[in-house]
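Report on the structure given below.
Residue numbers start from 1 in every chain, and the chains themselves are labelled A, B, ... in the order their sequence lines are given, proteins ahead of strands.
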Amino acid sequence: MRMSKLFVQTLREYPSDAEVISHKLLVRAGYIRKLANGIYNYLPLMQRVLKKVEDIVREEMDNAGAQELLMPFVQPAELWQESGRWDVYGKELMRLKDRHSREMCLGPTHEEVITSIAREGIHSYKQLPVNLYQIQSKFRDEIRPRFGLLRGREFIMKDAYSFDADEEGLDKSYNIMAEAYKRIFERCGLETKMVQSDSGAIGGSVSHEFMVLVNENAENNAGENDVFYCTKCGYSANSNHAVSVLNPVETDGHFDSAKIVDTPDTHSIEELSKFLNIPQSVICKCLIYVVDGKYIAALIRGDRTIEETKLMNAFQGNDIRIARNDEIEEIMTNSGYTAVAGFIGPKGLKNVELIADETVKDLKNFVIGINQNDKHLIGANWGVDVELPQKITDIRLVEENDRCIDCGASLKVTKGIEVGNIFKLGTKYSKAMNAAFTDKDGQEKPFIMGCYGIGITRTAAAAVERHHDEYGIKWPLAIAPFTVIVVPVSDQDEIQMKVAEDIYNKLLNANVEVLIDDRAERAGVKLKDADLIGIPYRITVGKTIKDNLIEFKNRSNGETETITPDEAVRRIIEIIK
RNA sequence: CGGGAUGUAGCGCAGCUUGGUAGCGCACCGUGUUCGGGUCGCGGGGGUCGCAAGUUCAAAUCUUGUCAUCCCGACCA
């Protein structure tokens, strides 16, 4: 490809609306252009990268025994009503109506459609297992799209779905996918960590995410997930799912007796602990949440934080948020109190479900709100002064240096970009949608399903996050839009141009994806652009051509060598083998 | 949806306080110059100042409304 013909416009400056480096670089280097909020045009260079990623995914999926198909982007509401998700998926699902007022949606994921395909096509255990996948645009009307391709509303995803006759088969399918995923990301030049995670809105039990770990200290960190991991035994989990063993702390307030004391203006645990001169860990914190419209009072030890996904799951909810002040007021009024946030306690709350984190169980002579402003109860004990909620479970956020549940070592935390995700769905969709096969024993059974996603666009963006420098992108070879760029330093110099063209043609003939910068630009412009665009190898034809020498540069490690044009061609051909 | 900010040429920005001919850099077109890290000069094209109403002789500038975008929280590949 000739630079003079390539449709690409590099910018002198970063776009003002970009925050993270992959977004900045992809726009500036002419890979993408925003069309609307969270919706991007993939320009020719980007399309080449995406194709590379897709082809790696295809190869590994095919090798893993999966078959590619393509499902419609527009889906009828009926299917979603069958699965029950039409009502629970929320605003993220882009809904629309056709000319007959029939309700449709733009597919954010395809469990419903694939399940309908399976129920029409698979009738016998003899046809199982089956794994079907597609690579397609998805639409999710995200509350807040951001970070360029890392969180778009429309994005490209590979989604695969497995159908098995039993749990054992699912385990097998699941492991095959996990292995394929490891290879896919490795081939894309991305080191990933497979971590345990919450299964979220898609449903199911077991799930893992593939995280690209990003340096926490980096400016404008694009990692949206906290990953807790154990350096000793390898345990790792998304913060929404991580569990831990706590380090011992003081849980006895050592108050002689229970009494109500004045604690003016102590709206936070920190203020309260300072005022009473006690550790935060002898305070019982009470927070009001709204889960699917129901009020929940959640108790947790003062020094710990609630993990909202865990709390939501404890009530099998789909939606959670902290209660607004007017909602707290409503609860207080209904319960005959007037307290504001900061002084709330579980005692006497009406129309509020109670839940406690395990951390509050062992508290003795502790401090707790009693729904009176500027007052707290000190020296409280469960069963004497306050009843311990019946529902007790783990709803806390793990913290760094908590101990590993498996081996007891100290846990660390890092940020991660989730590029892939695998779920054991079980029979959630097959049961709801009546998708079944006849098993060996002649009985009709629902399919045991799994689903497996890879964000194609996100993977490409994550690669930029991981591989760049101050000059631009440093694409991993396997997903680079071109392997090599040939740069004649001066378009005025006939010999340079001739040698450059010669190298270009030899590489073309050897099926190398090669760019030649034949533009009438100065050297500086061409070299800056080559770095910005991030082509892995650069062959610069300059003055030294009089000695039959060119410069051969490796973009990723910056190493340059002075070698002959023929040697350069040979090297490149060797590299792509 | 809550909190904060911003909308002026394709991109990056100034002008707005104190109303009066819409500017700069990059990019683009012409021309000369230069030629291994975004040369330099001359000439040129391109903007209903997000949109709508209002105030005024006069609005990019003041007022109100509205839309959009970005950042922080809930979502997820």
Exercise. Taking N and O atoms by type only, does the side chain of A/Asn225 place a donor or acceptor under 3.5 Å from a partner on the base of B/C76?
Worked result: yes

For this session: Kindly indicate whether the side chain of A/Arg458 and the base of B/C76 share any N or O donor-acceptor pair separated by less than 3.5 Å?
Result: yes

Exercise. Would you say A/Glu186 has more than 12 foreign heavy atoms packed within less than 6.0 Å of its CD?
Worked result: no

Problem set entry | Integer-rounded Å distance: B/C75 P and A/Arg85 CZ | 16 Å

Problem set entry | Protein-nucleotide distance (A/Leu287, atom CG; B/G73, atom C1'), rounded to Å | 15 Å

Exercise. With a 4.0 Å cut-off on heavy atoms, is A/Val525 in touch with a base, just the backbone sugar-phosphate, or nothing at all?
Worked result: base

Seminar exercise, completed: When both distances are under 3.5 Å in a Watson-Crick or G-U wobble arrangement, the nucleotide paired with B/C13 is B/G23

Exercise. With distance as the sole criterion, is a donor-acceptor pair present between the side chains of A/Tyr133 and A/Asp62 under 3.5 Å?
Worked result: yes

Please tabulate, one pair per line, all N/O donor-acceptor pairs under 3.5 Å involving side-chain atoms of residues 33-49 of chain A, not counting sequence neighbours.
from: A/Lys34; atom 1: NZ; to: A/Asp17; atom 2: OD2; distance (Å): 2.8
from: A/Tyr40; atom 1: OH; to: A/His23; atom 2: NE2; distance (Å): 3.2
from: A/Arg48; atom 1: NE; to: A/Pro481; atom 2: O; distance (Å): 2.8
from: A/Arg48; atom 1: NH2; to: A/Glu513; atom 2: OE2; distance (Å): 3.0

Problem set entry | Phosphate OP1/OP2 of B/C70: any A/Lys34 side-chain N/O under 4.0 Å | yes

For this session: Looking only at side-chain atoms of A/Asn37, point me to the closest of B/C71, B/U69, B/G37.
Result: B/U69

Exercise. When A/Phe210 is tested against each of A/Ile422, A/Val195, A/Ile184 for side chain to side chain contact (heavy atoms under 4.5 Å, CB included), which residue passes?
Worked result: A/Ile422

Exercise. Looking across every strand, which nucleic acid part, if any, lies under 4.0 Å from A/Gly152 by heavy atom: base, sugar-phosphate, or nothing?
Worked result: base

Exercise. Quick one: is A/Asn421 getting a side-chain N or O under 4.0 Å of the B/C76 phosphate, OP1 or OP2?
Worked result: no

For this session: On RNA chain B, check which nucleotide each of A/Glu13 and A/Lys528 is closest to and give me the residue with the more 5' one.
Result: A/Glu13

Exercise. Taking the same atom, P, in B/G4 and in B/U8, what whole-Å distance lies between them?
Worked result: 22 Å

For this session: Pick base, sugar-phosphate or nothing for A/Thr540, based on heavy-atom distances below 4.0 Å to the nucleic acid.
Result: base

For this session: With C1' as the reference atom in both, quote the distance from B/U61 to B/U55 in angstrom, rounded to an integer.
Result: 13 Å

Exercise. With a 4.0 Å cut-off on heavy atoms, is A/Ile320 in touch with a base, just the backbone sugar-phosphate, or nothing at all?
Worked result: sugar-phosphate

Exercise. Within this structure, what is the CZ-to-P distance between A/Arg151 and B/A77, rounded to whole angstrom?
Worked result: 9 Å

For this session: Hunt down the Watson-Crick or G-U wobble partner of B/G2, both distances under 3.5 Å, from any strand shown, or write none.
Result: B/C72

Exercise. Checking all strands, does A/Glu551 fall into the base, sugar-phosphate, or nothing category for heavy-atom contacts under 4.0 angstrom?
Worked result: base

For this session: Report which part of the nucleic acid A/Gly420 touches: base, sugar-phosphate, or nothing (heavy-atom distance under 4.0 Å, all strands).
Result: sugar-phosphate

For this session: Rounded to the nearest angstrom, tell me the gap between atom CZ in A/Arg140 and atom P in B/C76.
Result: 8 Å

Problem set entry | A/Tyr229-A/Thr414 side chain donor-acceptor pair, cut-off 3.5 Å | no

Exercise. For atom CD1 of A/Ile495, is the number of surrounding heavy atoms from other residues, nucleotides or ligands below 6.0 Å larger than 12?
Worked result: no

Exercise. Given the C1' atoms of B/U33 and B/G43, what is the spacing between them in whole Å?
Worked result: 15 Å

Exercise. Side-chain donor-acceptor pair under 3.5 Å between A/Glu209 and A/Asn238, yes or no?
Worked result: yes

What are the atom names and distances for every N/O pair under 3.5 Å that joins the protein to nucleotides 1-10 of chain B?
from: B/G10; atom 1: O2'; to: A/Arg33; atom 2: NH2; distance (Å): 2.8

Problem set entry | P gap between B/U66 and B/G2, integer Å | 12 Å

Exercise. On a whole-Å scale, what distance lies between the P atoms belonging to B/C57 and B/G19?
Worked result: 15 Å

For this session: Determine which nucleotide pairs with B/U31, using a 3.5 Å limit on both distances of a Watson-Crick or G-U wobble pair.
Result: B/G41

Problem set entry | Contact under 4.0 Å: A/Ser16 side-chain N or O vs B/G12 OP1/OP2 | yes

Exercise. Considering heavy-atom distances to RNA chain B, does A/Pro145 or A/Glu154 have its closest nucleotide positioned more toward the 5' end?
Worked result: A/Pro145

Exercise. So with a 6.0 Å cut-off around CD of A/Glu271, is the heavy-atom count from everything else above 12?
Worked result: yes

For this session: Considering only atom C1', compute the distance from B/G7 to B/U48 and round it to an integer number of Å.
Result: 16 Å

For this session: Would you say whether A/Tyr14 stacks on B/G12? The test is a distance between ring centres of less than 5.5 Å and an angle between planes of less than 30°.
Result: no

Seminar exercise, completed: Atom CZ of A/Arg146 and atom P of B/C76 are separated, to the nearest Å, by 13 Å

For this session: Classify the nucleic acid contact of A/Tyr471 as base, sugar-phosphate or nothing, counting any heavy atom under 4.0 Å across all strands shown.
Result: nothing

For this session: Using a cut-off of 6.0 Å, state whether more than 12 heavy atoms not belonging to A/Tyr471 lie near its atom OH.
Result: no

Problem set entry | A/Arg321 CZ - B/C75 P separation (whole Å) | 13 Å

Problem set entry | No-hydrogen, no-angle side-chain donor-acceptor test under 3.5 Å, A/Ser4 and A/Arg2 | no

For this session: Look only at the side chain of A/Glu521 and the backbone of A/Lys526, and say whether a donor-acceptor pair between them is shorter than 3.5 Å.
Result: no

For this session: Would you mind classifying the nucleic acid contact of A/Asp493 as base, sugar-phosphate or nothing, using non-hydrogen atoms under 4.0 angstrom?
Result: nothing

For this session: Using the C1' atoms only, state how far B/A9 lies from B/C26, rounded to an integer number of Å.
Result: 12 Å

Exercise. Are a donor atom and an acceptor atom from the side chains of A/Glu307 and A/Asn240 found within less than 3.5 Å of each other?
Worked result: no

For this session: Give one of base, sugar-phosphate or nothing for A/Leu532, where a contact means two heavy atoms less than 4.0 Å apart.
Result: base

Exercise. Between B/C71 atom C1' and A/His23 atom NE2, what is the distance in whole Å?
Worked result: 13 Å

Problem set entry | C1' spacing across the pair B/A52 / B/C40, given as an integer number of angstrom | 47 Å

Problem set entry | Touch class at under 4.0 angstrom, heavy-atom based, for A/Pro15 against every strand present | sugar-phosphate

Problem set entry | Residues A/Arg95 and A/Tyr89: side-chain donor-acceptor under 3.5 angstrom | no

Could you go over nucleotides 30-35 of chain B and give all protein N or O partners under 3.5 Å, atom names and distances?
from: B/U34; atom 1: O2; to: A/Arg522; atom 2: NH1; distance (Å): 2.5
from: B/C35; atom 1: N4; to: A/Gln492; atom 2: OE1; distance (Å): 3.0
from: B/C35; atom 1: N4; to: A/Gln492; atom 2: NE2; distance (Å): 3.3

For this session: Find the distance A/Asp529:CG to B/A27:P and express it as a whole number of Å.
Result: 11 Å

